[in-house]
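Scope of the values below: all heavy atoms of this structure, side chains included, with no hydrogens, waters or symmetry mates. The sequence lines fix the lettering, A, B, ..., with proteins before strands; numbering per chain opens at 1.
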Number of protein chains: 2
Amino acid sequence: MRQNPERRTALIDAAIEVLAGQGARGLTFRAVDNQAGVPIGTASNYFANRDALLVQAGRRVFQRLDPGAAVIGEALALPRTRASVERLMHEMVERITGFGSGFLAMLELRLEATRRPELRKVLTEQIRENLQANIDFHLETGMPGDARSVEMLYLALNWLITEQLTLPEVFGEGRTKELVAAAVDMIVPPR
Amino acid sequence: MRQNPERRTALIDAAIEVLAGQGARGLTFRAVDNQAGVPIGTASNYFANRDALLVQAGRRVFQRLDPGAAVIGEALALPRTRASVERLMHEMVERITGFGSGFLAMLELRLEATRRPELRKVLTEQIRENLQANIDFHLETGMPGDARSVEMLYLALNWLITEQLTLPEVFGEGRTKELVAAAVDMIVPPR
DNA sequence: AACTTACCACTACACTCGGAGTGGTGTCAA
DNA sequence: TTGACACCACTCCGAGTGTAGTGGTAAGTT
C-alpha cells in the first residue's frame, strides 16, 4: 500500500470526477488511473479494493464541499436579517453547483450506501455533522429562523440542486435564484 | 423483438428492482432475467440494448408512482384547509416511501440521464407533467397555497424521501411525519 | 382434419471486453 | 546500500452482449 499523500488525494479527486461523469458503473481502478493521468495500476497500489476507494471518496467530497473560512467570516459581518440568509443561501447553492461533480458523486455514493453499511456509516456521520454545524452556526449568529428552518432549507435546497444538476430543464437554470429566494421567504420568518 | 406485453412489463418491473437493489452498475440483461425469474437471454429478446431498457424503466416508474383515482377522489372530499394539505402530503410521502425501490430507481435513472440525452428527455417530460398536474390539481381544488407552494413542497419532500431512503439515520425514520408537517406549516399559508 | 404460418419461450454459445491483481524493473533519496 | 515508490507488462478471470437455433403452441387456412 503506497503512501504518497498528494498522489492519494489526486486519485481520490479523480475518483470523484469518474463517479460524477460515468457513474458508479464506471468507477474502476483503470478509470481512476486514466482520469488522474497516472499509469495504469497505480490506483490498485493505493486502495485495497473498490470499497476502500468509495469510502475515502465519501469523506473527501464533504471536505471539498465545506465552505472556507472566508465564507464564514463574511457571514459574520452580515446583518441578522432575512436578506442576509437569502444571500448566504444563494452563495451556498452557487458554491455547490459550481462543484457539480462533487454533488453528483455524493448522490452516487448515497445510492451505493444503500448496499454498503460502512459507506453508509461514513456518509451519515458526515452529513449529520454538516447539518448540525449549519444549525449551530445559524443559531449562534442569531440569524432569523430556528433549527427547524435550517432543516427545511437543507431539504428544499438539496433537491433544488439535484434537480438543476440532473434535469436542468425541469425548472430551467434561470429560475435557480428565484427559487432559492422563494424558499427563504417561505421558510425563514421576517425579522 | 418479442411482443408479449405482460412479460415485457414484468421485465421492466424487474429492471426497476435491480436498479434499486444493485444500482445502475448492476443493471444487466442477465440480472433482469434473474430478477424476473425468466430464462437467461429473455431480456435480450425484448430490448434492443441497455439504453432501451433504461428509457422504458424511466416511463414505468412514473406510471407506478402515480396516485390512483382513489387518492384523487379522497382528496376532493377533503375540506380546503391546511390540515388537508398536510394529510395529502403525508399520504404521498407514505405512498412513495412504500415503493422505495421505485424512488431509488428513479434516482439512479436521474444520474444516468446525466450521460444519456434520450433518457434525460423522457425523465424531464415525465417530471414536468407530474409537477404541473400537482399544481393544477392544487389550484383547481382551491386548497390553500399557490403554485409556488406546490413547487416548494415538491422540493422539500423529495429530498426528505431521498434522505430517509438512502441515509435513514440522518433524521431517523421516526421524524418523517414531523418533518412533513413542518414543511406544510411553513410553506402553506393558513386559511 | 391436416397443413401452415407465426410467434414466443427457452437454450446454448461464440465472441469480446474490461478489470483485477501481481511481479518485476527502474529510479531516487536517505 | 537499502528501501520506498513509480511505472510497466502480462496473465487470469469473469461477465455481458447479441445471435442463432430448437421446440412448442395456437390460430388460421384449405
Novice: Determine whether a donor-acceptor pair (N or O, by modelled atom type, separation under 3.5 Å) exists between the side chain of B:Ser84 and the backbone of B:Arg80.
Specialist: no

Novice: In whole angstroms, how far is the P atom of C:dG19 from the CD atom of A:Gln35?
Specialist: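 Answer to the nearest Å: 14 Å.
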
Novice: Please compare A:Ser44 and B:Gly41 by the position of their nearest nucleotide in DNA chain C and report the one closer to 5'.
Specialist: B:Gly41

Novice: Applying side-chain contact (heavy atoms from CB on, under 4.5 Å) between A:Met143 and each of A:Val150, A:Thr81, A:Leu88, report the one that passes.
Specialist: A:Leu88

Novice: Nearest whole Å is fine: how far is C:dA20 P from A:Leu53 CG?
Specialist: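 Value for this atom pair: 10 Å.
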
Novice: Tell me what B:Ala48 touches on the nucleic acid: a base, only sugar-phosphate, or nothing, going by heavy atoms under 4.0 Å.
Specialist: sugar-phosphate

Novice: Quick one: which of C:dC10, D:dC7, D:dG18 gets closest to the side chain of B:Arg2?
Specialist: C:dC10

Novice: Could you tell me the separation between the CG atom of A:Asp33 and the P atom of C:dG19, rounded to a whole number of Å?
Specialist: 10 Å

Novice: Give the rounded distance in Å between these two atoms: CD of A:Gln3 and P of D:dA6.
Specialist: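 Between P of D:dA6 and CD of A:Gln3: 10 Å.
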
Novice: Taking the side chain from B:Arg120 and the backbone from B:Arg115, do they hold a donor-acceptor pair closer than 3.5 Å?
Specialist: no

Novice: Ignoring backbone atoms, test whether B:Arg7 places a side-chain nitrogen or oxygen under 4.0 Å from the OP1 or OP2 oxygen of C:dC8.
Specialist: no

Novice: For the pair made of CD1 in A:Ile40 and P in C:dT22, what is the distance, rounded to whole Å?
Specialist: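 Going from A:Ile40 (CD1) to C:dT22 (P), I get 17 Å.
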
Novice: When all nucleic acid strands are considered with a 4.0 Å heavy-atom cut-off, which category describes B:Tyr46: base, sugar-phosphate, or nothing?
Specialist: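 Sugar-phosphate: the residue B:Tyr46, judged by heavy atoms under 4.0 Å, touches backbone atoms but no base.
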
Novice: Specify the separation, in whole Å, of atom CD of B:Glu6 and atom P of C:dC8.
Specialist: 11 Å

Novice: Just to be sure I understand the rule, does B:Thr28 reach a base, reach only the sugar-phosphate, or reach nothing, if contact means heavy atoms closer than 4.0 Å?
Specialist: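 Result for B:Thr28 = sugar-phosphate.
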
Novice: Is it true that a side-chain atom of A:Arg116 and a backbone atom of A:Val55 form a donor plus acceptor pair closer than 3.5 Å?
Specialist: no

Novice: Side chain of B:Asn45 only, please: which of D:dC7, C:dC10, D:dG18 is the nearest?
Specialist: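 Selected nucleotide: C:dC10.
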
Novice: Think A:Arg30 has a side-chain N or O under 4.0 angstrom from the OP1 or OP2 of C:dA20?
Specialist: no

Novice: Starting at CG of A:Asn49 and ending at P of C:dG19, how long is that distance when rounded to a whole Å?
Specialist: 16 Å

Novice: Check the distance between D:dC7's P and A:Asn4's CG and give it to me in whole angstrom.
Specialist: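 After rounding, the reported distance stands at 10 Å.
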
Novice: Taking A:His138 for the side chain and A:Pro144 for the main chain, is one N or O donor matched with an acceptor at less than 3.5 Å?
Specialist: yes

